[in-house]
Every structure is written in C-alpha cells, then in structure tokens.
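As structure tokens, the structure follows; a few thoughts come after it.
Quick caveat: nothing in here was measured; it's all calculated off a predicted structure.
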Amino acid sequence: MGKRVALVLAGCGVFDGSEIHEASAALVHLSRGGAEVKIFAPNIEQRDVVNHLKRSPTEEKRNVLVESARLARGNIQDLAELKASEFDAVIFPGGFGVAKNLCSWAVDGKNCTVNEHVNSTLQAFHSAKKPIGLCCIAPVLAARVFPGCEVTIGQDKNVDGRFPDAETASAIAELGCKHVCKNVNESHVDKANKIVTTCAFMCKAPLHEIFDGVGTMVQEVLKLA
C-alpha cells in the first residue's frame with residue numbers, strides 16, 4: 001500500500017501563494033512513488049494579491065483555500081481538518097504565500113509568527129515522528145517551529161548570482177538551527193527530526209534541476225515514512 005501524504009498549499013501563484021511548478025513537481029513525484037495524496041490549505045484571507053504580469057500588488061481580496069483549490073483541481077480540504085493520525089507524512093511546497101500566508105516571514109523575518117493550523121500541523125507530525133518535507137522558502141517554517149533542526153535553502157552565499165536570497169540562511173542560524181548548503185538538485189535530511197528540505201526556486205536554475213531536487217525531497221520523505 002502506498003504512503004498517505006498530506007500536501008499543504010498557500011494559495012496559487014509564486015508571488016502571493018504556492019509556487020505552481022513546485023506543487024506540481026511534488027505531486028508528480030508523489031504519484032510516481034505510489035503515494036495517496038490529499039491536499040489542504042488554511043481557510044484564511046491572503047496577506048496580499050499580486051498581479052503576476054506586472055509583479056505589483058492589487059486591491060483585490062482572495063482566500064487562500066479558494067485559490068489553492070485551483071491547484072488541487074477543486075479536491076481540497078481546510079487545513080483545520082487535517083489529522084496527522086491519518087497520514088504518514090506532510091509536504092509543504094514553497095512560494096511567497098508560505099512567507100505571507102502560512103507565516104509572516106515576508107514581513108517579520110526570523111521574528112515571524114506561524115499560522116495556528118500550520119503550527120499545529122507541524123507539531124503533530126513531528127510529535128508522531130512522521131516526516132515533514134519542505135521546499136524553497138518553506139524550510140523557515142521548520143526553523144521557526146523546531147529550534148535546533150537542520151534545513152537547507154540552498155547556499156549561504158550568493159554563488160554566481162544564483163542564490164539571491166542566501167541571507168535567509170543567516171536568519172535560520174540566528175533561530176538556533178543549522179543551515180546545510182546543498183545544490184538545487186539535492187535535498188537535506190535531518191534524520192533526528194525527520195525533516196527533509198530542498199531549495200527549489202531559492203536557486204536560479206533550469207526548471208528540470210528544480211524538478212529533480214523536489215524529487216529527491218519526495219523520495220527521502222517516502223523512505224522515512
């Protein structure tokens with residue numbers, strides 16, 4: 001029987017929700033790995049709505065659960081209904097929605113607050129010793145919730161201009177966590193905490209390399225499950 005995996009979204013679109021390519025990559029690799037997937041998102045208002053053509057905020061109001069339903073093809077549940085006991089693992093794709101809607105990292109950095117249902121979900125899987133997979137900026141959720149854990153957001157220096165957000169690694173270290181440098185097609189496994197992370201679009205890389213990196217994260221999560 002395949003592993004049961006919960007996938008948590010933060011909206012639809014890189015600048016104000018979940019990064020679509022990362023979410024799709026995770027779903028493809030989970031499907032290939034024979035996993036049974038259910039998708040969740042918090043039923044809350046987005047922090048902002050961005051015009052992705054102009055890359056500028058608009059006056060619109062949108063709901064994270066409703067927008068995430070676009071990616072889930074309508075088959076989605078309120079994150080408040082997620083029960084860790086019904087799953088073997090949980091995965092969070094990245095995108096600015098993670099830093100805006102699932103927590104306040106985009107505004108508050110390392111002093112951010114984490115959405116109550118996101119926090120309780122992470123705590124529940126961690127307490128049950130079930131694996132947690134995180135892409136892109138999503139590893140900051142683990143850094144905020146689990147001091148002392150190990151994660152990667154790629155590199156801690158802007159190597160060849162490919163890691164423009166490398167300073168995030170310093171903020172993670174300031175939270176008392178260990179940042180481990182990895183290439184875009186790799187993931188890091190914190191065996192003690194069963195947390196698997198990959199940098200994805202935190203690196204400026206060809207899409208297939210990001211896809212492969214997400215694949216290594218999914219594979220490691222399924223192994224731990």
Side-chain angles (χ1 to χ4, degrees), residues 1-10 18-19 21-43 64-65 68-69 71-95 97-98 102-103 114-146 148-152 177 180 182 186-200 210-225:
M1 181 179 292
K3 301 299 181 182
R4 301 162 300 169
V5 180
L7 187 82
V8 181
L9 298 179
S18 288
E19 211 297 318
H21 298 298
E22 291 178 16
S24 296
L27 287 166
V28 169
H29 287 294
L30 285 166
S31 176
R32 183 171 287 149
E36 176 188 342
V37 182
K38 290 189 177 180
I39 304 175
F40 298 83
N43 186 11
V64 173
L65 178 59
S68 297
L71 279 172
R73 297 173 61 88
N75 189 9
I76 194 168
Q77 295 174 257
D78 187 335
L79 183 59
E81 299 173 7
L82 194 162
K83 295 180 175 61
S85 60
E86 297 177 356
F87 295 92
D88 300 302
V90 64
I91 288 177
F92 291 76
V98 172
L102 303 192
C103 71
V114 178
N115 170 272
E116 61 174 318
H117 295 302
V118 173
N119 183 69
S120 62
T121 295
L122 289 168
Q123 295 283 9
F125 277 85
H126 188 259
S127 295
K129 301 188 185 310
K130 294 180 178 181
I132 298 167
L134 304 138
C135 294
C136 195
I137 192 63
V140 302
L141 295 173
R144 190 73 178 104
V145 175
F146 306 119
C149 72
E150 299 178 0
V151 299
T152 188
C177 299
V180 181
K182 290 286 182 178
E186 299 176 317
S187 57
H188 177 69
V189 181
D190 177 348
K191 294 181 180 179
N193 290 292
K194 290 194 172 182
I195 295 171
V196 188
T197 51
T198 189
C199 70
I210 291 164
F211 183 90
D212 291 344
V214 174
T216 66
M217 181 273 290
V218 169
Q219 290 164 18
E220 293 295 343
V221 165
L222 293 179
K223 284 180 189 176
L224 289 172

Checklist entry - With distance as the sole test, does Ser127 use its side chain to make a donor-acceptor pair with the main-chain N or O of Ala124 at under 3.5 Å? => result no
Checklist entry - For the residue pair Val151 and Pro139, what are the closest heavy atoms and their distance? => result CB-CB, 3.9 Å
Item to check | Atom of Lys182, atom of Ser187 and distance for their closest heavy-atom approach | outcome: CE-O, 3.7 Å
Next on the checklist: Counting the benzene-type ring for Trp, do Phe92 and Phe40 have ring centres under 6.0 Å apart?
Outcome noted: no
Next on the checklist: Is there a side-chain contact between Leu79 and Leu82 in this structure, where contact means two heavy atoms from C-beta onward sitting under 4.5 Å apart?
Outcome noted: yes
Next on the checklist: As an exercise, state the distance from OG1 of Thr121 to CD of Glu116, rounded to the nearest 0.5 Å.
Outcome noted: 10.0 Å
Checklist entry - Do Val196 and Ile132 come within less than 4.5 Å of each other through their side chains, counting heavy atoms only? => result no
Item to check | Ile39 side chain reached by Ser68 side chain, heavy atoms, under 4.5 Å | outcome: no
Checklist entry - Tell me, do Glu22 and Cys135 make a side-chain contact under 4.5 Å, heavy atoms counted? => result yes
Checklist entry - Of the non-hydrogen atoms in Pro131 and Ala225, which two are nearest, and what is the gap between them? => result CG-N, 3.7 Å
Checklist entry - What's the shortest heavy-atom distance between Ser18 and Ala10, and which atoms? => result OG-N, 2.7 Å
Checklist entry - Could you give all pairs that pass the side chain to side chain donor-acceptor pair (under 3.5 Å) test and reach residues 189-198, with sequence neighbours left out? => result His126-Asn193, Asp190-Asn193
Item to check | Interatomic spacing from OG in Ser120 to CG in Asn115 - rounded to 0.5 Å | outcome: 8.0 Å
Checklist entry - Is there side-chain contact between Val145 and Val114, with at least one heavy-atom pair below 4.5 Å? => result yes
Checklist entry - Checking side chain to side chain contact (heavy atoms under 4.5 Å, CB included) against Val5, which of Ile91, Leu27, Asp88 comes through? => result Ile91
Checklist entry - Any salt bridge (Lys or Arg N to Asp or Glu O under 4.0 Å) pairs touching residues 214-225, not counting sequence neighbours? => result Glu220-Lys223
Item to check | Heavy atoms of other groups near Arg4 CZ, more than 12 under 6.0 Å | outcome: yes
Item to check | Min side-chain heavy-atom separation Ile76-Leu71 under 4.5 Å | outcome: no
Checklist entry - With a cut-off of 6.0 Å (strictly less than), are more than 12 heavy atoms of other residues, nucleotides or ligands near CD of Glu36? => result no
Checklist entry - Are Pro93 and Leu7 close enough that some pair of their side-chain heavy atoms sits under 4.5 Å apart? => result yes
Checklist entry - Between atom CD of Gln219 and atom CG of Leu30, what is the distance when rounded to the nearest 0.5 Å? => result 10.5 Å
Checklist entry - Ring centroid separation for His29 and Phe211, is it under 6.0 angstrom? => result yes
Next on the checklist: Return the CG to CZ distance between Leu141 and Phe146, rounded to the nearest 0.5 Å.
Outcome noted: 9.5 Å
Item to check | Trace of the side-chain contact (heavy atoms from CB on, under 4.5 Å) decision for Asn119 with Gln123 | outcome: CA-CA 6 Å; Asn119 183 69; Gln123 295 283 9; 4.0 Å; yes
Next on the checklist: Can you list everything that forms a side chain to side chain contact (heavy atoms under 4.5 Å, CB included) with Lys129? Sequence neighbours excluded, please.
Outcome noted: none
Item to check | Close side-chain approach of Leu65 to Asp78, heavy-atom, < 4.5 Å | outcome: yes
Checklist outcome for this item: When rounded to the nearest 0.5 Å, the distance separating CD1 of Ile195 from CE of Met217 is 12.5 Å
Checklist outcome for this item: For His188 and Thr152, the nearest pair of non-hydrogen atoms, with its separation, is CB-CG2, 4.0 Å
Checklist entry - Hey, is the main chain of Phe87 close enough, under 3.5 Å, to the side chain of Lys130 for a donor-acceptor pair? => result yes
Checklist outcome for this item: d(Glu150 CD, Cys177 SG) to nearest 0.5 Å is 9.5 Å
